[in-house]
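Here's the structure we're looking at; comments come further down.
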Amino acid sequence: MNREALFEQIQRKQSFLCVGLDADPAKMPAHLNGDVLAFNKAIIDATRDLCVAYKPNTAFYEALGLDGMRILKETIDYIGDEHFTIVDAKRGDIGNTSRYYASFAFNTLGADSITVAPYMGSDSVKPFLEYDGKWTILLALTSNKGSQDFQHASQDGEQPLYAKVMTRAAEWGTADQLMFVCGATQAEKFAELRALTPDYFFLVPGIGAQGGDLEGVCKFGMNDHCGLLVNSSRGILYAGDGEDFADKSRAAAQDLQTKMASALKKYLP
Ligand SMILES: O=c1ccn([C@@H]2O[C@H](COP(=O)(O)O)[C@@H](O)[C@H]2O)c(=O)[nH]1
């Protein structure tokens, strides 16, 4: 899916919501007996018209063993082409290995994008960027407390690491093939992040359970293509735990979509 098609979908649905598919059998409603695929399908059916993207985090599927890989693939197939799909795997290795991480996400799973860690530098990221029509989503300023350890640090009075990552990576990939992960818990930095990379989309996790600031993210992070995909995983998936869990998930997604529709009216240039 290209940037224009993504923006068209955002405008049509008045939503830039990404539903995170972090399916945890221990948190799923008891009556599903741990059937992760049935759970995912029910969540997808309940939220399709309210979101523009889905983000399965591979950790939850890897933990299920061989069956998890099948469920991950069947989930992505079930989502279909209308939505932007993000394989949240935070990959990145020497180039020869990254090529196979990229092949898994794009050829095997058929996803639109994969999250990648920038720590190993340009040759570890470039194999992901070689796929036409696919996206690399690079970790820039993550939502967790540990982002303070390295990402906020600067060496010898230079810009902080997150800023260096964004500036350098924008030389490797255009705004039509590269996005950045910027956590909603870092909303006070969004004006700076947007100034560093005016045209790029940001994948923004951290609202809901992690306490991120949706309004701040929208106010300082929106660009003329919206430029934001805001993710919620637990806040939507586990809004209910009874037979009506999908209705509860829909209500949680609807609440976010309503807020996003007002933010688009207020902040879309
Ligand atoms: O900085 C980051 C990068 C990735 N994540 C992932 O996003 C979801 C968030 O889940 P919630 O339940 O909505 O908190 C999860 O898959 C994380 O691994 C992130 O949180 N922060």
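Atoms within a ligand are numbered from 1 in the order they appear, just like the ligands themselves.
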Is it the case that ligand 1 has an N or O less than 3.5 angstrom from some N or O of Gln210?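 Indeed, backbone or side chain, Gln210 has an N or O that close.
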Starting from [atom], locate the nearest protein heavy atom and write down its residue, its atom name and how far away it is, to 0.1 Å.
atom	value
atom 7 (O) of ligand 1	Lys55 NZ, 3.3 Å
atom 13 (O) of ligand 1	Ser233 N, 2.9 Å
atom 17 (C) of ligand 1	Asn57 ND2, 4.0 Å

Go through the structure and list residues passing salt bridge (charged side-chain N to carboxylate O under 4.0 Å, His left out) with Asp112, not counting sequence neighbours.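 So Asp112 forms no salt bridge (charged side-chain N to carboxylate O under 4.0 Å, His left out) with any residue.
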Residues in salt bridge (charged side-chain N to carboxylate O under 4.0 Å, His left out) with Asp176, at least two apart?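 For Asp176 the salt bridge (charged side-chain N to carboxylate O under 4.0 Å, His left out) partners, ignoring immediate neighbours, are Arg3.
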When the aromatic ring centroids of Phe245 and Phe39 are compared, is their separation below 6.0 Å?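 Judged by ring-centre distance (under 6.0 Å), Phe245 and Phe39 do meet the cut-off.
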Closer than 4.0 angstrom: is that true for some heavy atom of Asp88 and an atom of ligand 1?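 The answer is yes, since Asp88 has a heavy atom less than 4.0 Å from ligand 1.
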Just which atoms of ligand 1 are under 4.0 Å from any heavy atom in [X]?
X	answer
Thr142	1 (O)
Asp22	8 (C), 10 (O), 15 (C), 16 (O)
Lys90	3 (C), 4 (C), 18 (O)
Arg234	11 (P), 12 (O), 13 (O), 14 (O)

